[in-house]
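Notes follow the structure.
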Amino acid sequence: MQLFLAYEEDPDVKLVILKGQGRAFCVGGDPLPVFRDIIIQGKSWRVGADFFSEQYKLDYVMATYSKVQISILNGIVMGGGAGISVHGRFRIATEKTVFAMPETELGLFPDVGSSYFLSRLPGFFGEYVGLTGARLDGAEMLACGLATHFVPSSRLTALEADLCKVGSSDPVTFASAILNAYTQNPHLKQHSAYHRHVSIILSHLFLLLVFEFAGYLLPCQHSKHFRLDVIDRCFSRRTMEEIISALEREATQKPDEWISATIRDLKKASPASLKISLRSIREGRLQGVGKCLIREYRMVCHVLKREISKDFVEGCRAVVIDKDRNPKWEPRSLEEMKDNMVERYFERVDEEDGWEDLKLSPRKNLPALIIAKL
């Protein structure tokens, strides 16, 4: 974080480029050290809280960065990797990009300010991505707005070289022009969850007219192509129980493997995580990025204290340590995760050992685009 702040004050730095090495941009924060500190070594939960505090402060600096930040998301972008990229001004996806927020499988919740950016995706796509841990490719990231540009990986070296030549007094305009020159508009895969209803209907109507003119009948397109409509119908429901019930009704009315897989993903996730994640994303719709991070810090501290549920420890055991992927969640069901238990995750932690809310440093001389995020 100190390096980012130093770059922000350095007049010779016109923009900052973030990229990964190898097959990943960033696979996220490693939960294993936190697990070892708290469970194996018996350290205080505050050790883990300090880790998340520093991470969230960095996310806030990146979300409010006054200089041009360009993230090249070539490869895996998961969890904490989203926090250090999606908040930035420019996010470049490629054909190798794989994005996901898989926290509910770990007994955690989508954090790093994701309750801010997931809640601002079109319709209720953010709830779908955050609750199921669904993986998105580069084309889907561009379509829903998580990415701002799509550039083939073979052109990244040339793109980066051109970006490094930016020396104007208006780096935003010049960087944007360079990115626009390289960007492409990829097609969504046939079974993408982000197919838009309107575009498919228009193309279907066109085909209907062509085939009718030719004397043929065109078979009716199955509604499985309208997955975004299913997402909005189901994930707009008020509670997790209602979301799953709505999906099950959809599966009964028109069997579809994607709907069945979505139901399976939700049912294998931590019930506690699902409920607090849903509420977190819903609250994020009405909050700036700073308030989202402060709330998420309260939530993660309760997760680490394990007074309401120990699912984070169990999730780490099942996915990271033993890798049996057979967690024993507690509470075991959504019905057992009562509203008053959910409420506790959003309350201030008992101020033992000097605990306090996340303190975010004041940001100065911010452009209007950044101020709008506050």
Side-chain angles (χ1 to χ4, degrees), residues 28-32 34-35 38-39 45 48-49 52 55-56 78-80 82-83 100-119 124 126-135 234-235 237-244 247 261-284 292-293 295-321 324-347 349:
D30 187 355
L32 191 55
V34 176
F35 179 90
I38 297 177
I39 302 305
W45 63 272
F52 283 100
Q55 184 181 22
Y56 294 177
M78 293 188 180
M101 300 296 293
E103 285 80 4
T104 58
E105 185 184 3
L106 276 174
L108 194 55
F109 61 92
D111 61 337
V112 296
S114 65
S115 61
Y116 177 82
F117 62 76
L118 288 179
S119 66
F124 294 86
E127 278 89 338
Y128 164 72
V129 171
L131 295 172
T132 66
R135 297 190 173 196
C234 297
F235 284 85
R237 302 305 174 106
R238 188 178 63 86
T239 67
M240 277 308 311
E241 291 91 338
E242 291 172 347
I243 288 173
I244 292 178
L247 286 165
T262 300
I263 295 171
R264 288 196 298 270
D265 288 339
L266 292 173
K267 289 190 173 181
K268 75 179 182 182
S270 157
S273 293
L274 288 175
K275 284 204 167 183
I276 65 173
S277 297
L278 178 61
R279 174 166 168 177
S280 179
I281 294 170
R282 295 279 164 85
E283 289 197 3
C292 284
L293 286 164
R295 171 176 39 73
E296 290 173 9
Y297 181 66
R298 288 188 183 185
M299 295 169 66
V300 83
C301 286
H302 283 294
V303 167
L304 295 173
K305 289 190 73 175
R306 296 171 288 144
E307 293 178 344
I308 311 166
S309 170
K310 298 178 173 61
D311 280 0
F312 178 56
V313 170
E314 178 61 8
C316 287
R317 180 206 64 77
V319 176
V320 181
I321 307 298
D324 58 28
R325 294 193 173 270
N326 186 31
K328 302 297 186 292
W329 301 126
E330 187 62 41
R332 294 173 296 178
S333 68
L334 291 170
E335 291 73 22
E336 293 178 22
M337 184 65 186
K338 304 298 184 183
D339 290 346
N340 64 324
M341 298 168 69
V342 173
E343 183 67 32
R344 289 175 61 187
Y345 280 93
F346 296 80
E347 296 173 350
V349 176

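We find that E127 and R282 are joined by a salt bridge, their nearest charged nitrogen and carboxylate oxygen being less than 4.0 Å apart. Of the charged side-chain nitrogens involved, none lies within less than 4.0 Å of a carboxylate oxygen, so that E347 and R344 do not count as a salt-bridged pair.
Nearest heavy-atom pair, R317 versus N326, reported as atom, atom and distance to 0.1 Å: NH2-O, 3.4 Å. Residues F124 and F235 share a closest heavy-atom pair of CD2-O, 3.6 Å. The two residues S119 and I281 come nearest to each other via the heavy atoms CB-O, 3.2 Å. L118 approaches G130 most closely through the heavy-atom pair CD1-CA, 3.9 Å. The two atoms that bring L278 and M240 nearest to each other are CD2-N, 3.7 Å, heavy atoms only. Scanning both residues, P331 and A272, for their nearest heavy atoms gives CD-CB, 4.5 Å.
A 4.5 Å side-chain heavy-atom check between L266 and T104 finds every atom pair outside the cut-off. A 4.5 Å side-chain heavy-atom check between L274 and K267 finds every atom pair outside the cut-off. For the pair L106 and V320, the minimum side-chain heavy-atom distance is below 4.5 Å. Side chains of F109 and L131 form no contact here, defined as non-hydrogen atoms less than 4.5 Å apart. Looking only at side-chain heavy atoms (C-beta outward), I308 and V342 stay at 4.5 Å or farther from each other. In this structure, I276 and R279 have side chains that are not in contact, with every pair of non-hydrogen atoms separated by 4.5 Å or more. Within the 4.5 Å cutoff, no side-chain heavy atoms of H302 are placed close to those of F346. Counting heavy atoms from C-beta outward, Y56 and D111 have side chains that approach closer than 4.5 Å.
Side-chain contact, E296 with S115: a donor N or O sits under 3.5 Å from an acceptor N or O. Side-chain N/O atoms of R295 and S280 include a donor and acceptor closer than 3.5 Å. Donor-acceptor pairing under 3.5 Å is recorded for the side chains of S270 and D311.
A search for salt bridge (charged side-chain N to carboxylate O under 4.0 Å, His left out) contacts involving E241 returns K275, not counting sequence neighbours. Take A49 and apply the side-chain contact (heavy atoms from CB on, under 4.5 Å) test, not counting sequence neighbours, and it matches W45, Y297, C301, L304. R325 pairs by the salt bridge (charged side-chain N to carboxylate O under 4.0 Å, His left out) definition with E105, not counting sequence neighbours.
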request  = Show the numbers, then the answer: is there a side chain to side chain contact (heavy atoms under 4.5 Å, CB included) between E330 and K310?
outcome  = CA-CA 7 Å; E330 187 62 41; K310 298 178 173 61; over 6 Å; no

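Rounding to the nearest 0.5 angstrom, the gap separating the OG atom in S309 from the CD atom in E336 is 11.0 Å. For the atom pair L108 CG and S277 OG, the distance stands at 7.5 Å (nearest 0.5 Å).
At least one donor-acceptor pair closer than 3.5 Å links the side chain of W329 to the backbone N or O of K268. A distance-only check finds no donor-acceptor pair linking the side chain of E343 to the backbone of D339 [under 3.5 Å].
The neighbour count for R135 CZ, taken as heavy atoms of other residues, nucleotides or ligands under 6.0 Å away, does not exceed 12.
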